[in-house]
Amino acid sequence: MRLFKPLLLLLAVLAPLSSQANTCDSGRLQSPINIASTQKQKLPALEFNYLSSPLVLANDGHTLRVRLNKRSQLKLGKQIYSLSQVHFHTPAGDQIADEIFPMGAHFLHKNSNGKLLALVVLFRLGNSNKTFDTLLSNIPKQVGPNQAIKNISINVNDLLPVTKGYYRYMGSLTSTPCTEGVEWVILKEPITISTEQLTTYKKSFSANARAPQPINQRPILESM
Ligand SMILES: [Zn+2]
């Protein structure tokens, strides 16, 4: 038995690594996706209770993260989720009927059982967004941990579209370990930012979206 111990230890170390790689490469419920055919249904309305929060930002080298204090909540059916952060992708990973959006925001939530819900807001080019301007003018120049921005509060409600119709499907984290079992909610109506705002964001962050993943017969529900 003694001879086998190092081997067993090595296997114990390697197994989680290989299962992570496996989920990204061969998982069947991966995100993002290209939303093509949907099942229209009467789905529960999204109930947003996002509150104003002191602005805390992090530049992780790939994206700008807005850290929230978890007091903001989203209710979907009977589930209540707390909002922990918002970050951005260029382009948005999710597509609708092959339309590629130049940018998207991921609002990450968790409920009391640890279940994750990612809400997606798609951005099109058009009028500028004032709240996005506040974020752009405070992007931390250095890559590093959270920075509290003095005397500025933000309400990420201002990054939501007026109508709250949505698509819903079961997916995954979009980066390693690509864990599945994440509830994805994609708002149908995009918001707009200006070309200048997109250009400013891209000066700090390069393209960082994962390509759309196979749908594999997953139902994509669409609210009526
Ligand atoms: Zn993301």
Side-chain angles (χ1 to χ4, degrees), residues 20-21 23-25 27 29-35 46 48 50 53 55-70 72 74 76 81-96 99-111 114-124 129 131-132 135-136 139-140 143-146 154 156-161 166-191 193 197-198 200-202 204-215 218 220:
Q20 280 177 11
T23 308
C24 293
D25 295 342
L29 308 172
Q30 292 289 296
S31 296
I33 57 169
N34 176 19
I35 294 167
L46 295 166
F48 289 91
Y50 286 174
S53 156
L55 184 57
V56 178
L57 293 175
N59 173 349
D60 72 2
H62 303 287
T63 187
L64 176 67
R65 281 179 204 280
V66 185
R67 294 285 173 183
L68 283 309
N69 53 16
K70 298 182 184 161
S72 289
L74 171 62
L76 177 54
Y81 296 86
S82 295
L83 178 64
S84 57
Q85 57 138 306
V86 179
H87 64 261
F88 302 90
H89 291 273
T90 51
D94 289 291
Q95 300 174 8
I96 298 179
E99 179 175 358
I100 297 170
F101 296 83
M103 181 174 258
H106 285 171
F107 292 61
L108 299 189
H109 306 73
K110 204 186 249 188
N111 74 4
K115 187 180 172 188
L116 297 174
L117 182 150
L119 177 96
V120 181
V121 175
L122 301 163
F123 293 15
R124 272 204 187 108
N129 180 292
T131 297
F132 196 58
L135 299 180
L136 290 175
I139 294 175
V143 173
N146 297 334
I154 192 177
V156 290
N157 249 326
D158 301 331
L159 293 173
L160 298 177
Y166 64 93
Y167 304 102
R168 180 178 183 177
Y169 76 96
M170 283 309 290
S172 71
L173 300 179
T174 60
S175 56
T176 315
C178 305
T179 312
E180 297 183 336
V182 180
E183 176 96 55
W184 281 80
V185 173
I186 295 138
L187 293 181
K188 289 199 238 179
E189 183 190 347
I191 66 164
I193 55 168
Q197 287 185 310
L198 182 64
T200 304
Y201 183 86
K202 283 182 163 177
S204 297
F205 303 101
S206 47
N208 67 345
R210 188 184 193 199
Q213 302 295 303
I215 290 177
R218 271 177 284 179
I220 318 287

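In listed order, ligands and their atoms are each counted from 1.
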- Task: Would you mind reporting whether Y167 and I96 have side-chain heavy atoms less than 4.5 Å apart?
- Result: yes
- If the plane angle is over 60° it's perpendicular, under 30° parallel, otherwise tilted; pick one for H109 and Y50. parallel
- Task: Apply side chain to side chain contact (heavy atoms under 4.5 Å, CB included) to K202 and M103, showing your working.
- Result: CA-CA 10 Å; K202 283 182 163 177; M103 181 174 258; over 6 Å; no
- Check the surroundings of atom NZ in K110: do more than 12 heavy atoms from other residues, nucleotides or ligands lie under 6.0 Å from it? no
- Message: Please verify the inter-ring angle class for W184 with H106; under 30° counts as parallel, over 60° as perpendicular, anything in between as tilted.
- Response: perpendicular
- Metal environment of the Zn ion (ligand 1), protein N/O/S under 2.8 Å: H87 NE2, H89 NE2, H106 ND1
- Message: Just to verify, what does L29 make a side chain to side chain contact (heavy atoms under 4.5 Å, CB included) with, not counting sequence neighbours?
- Response: E180, R218
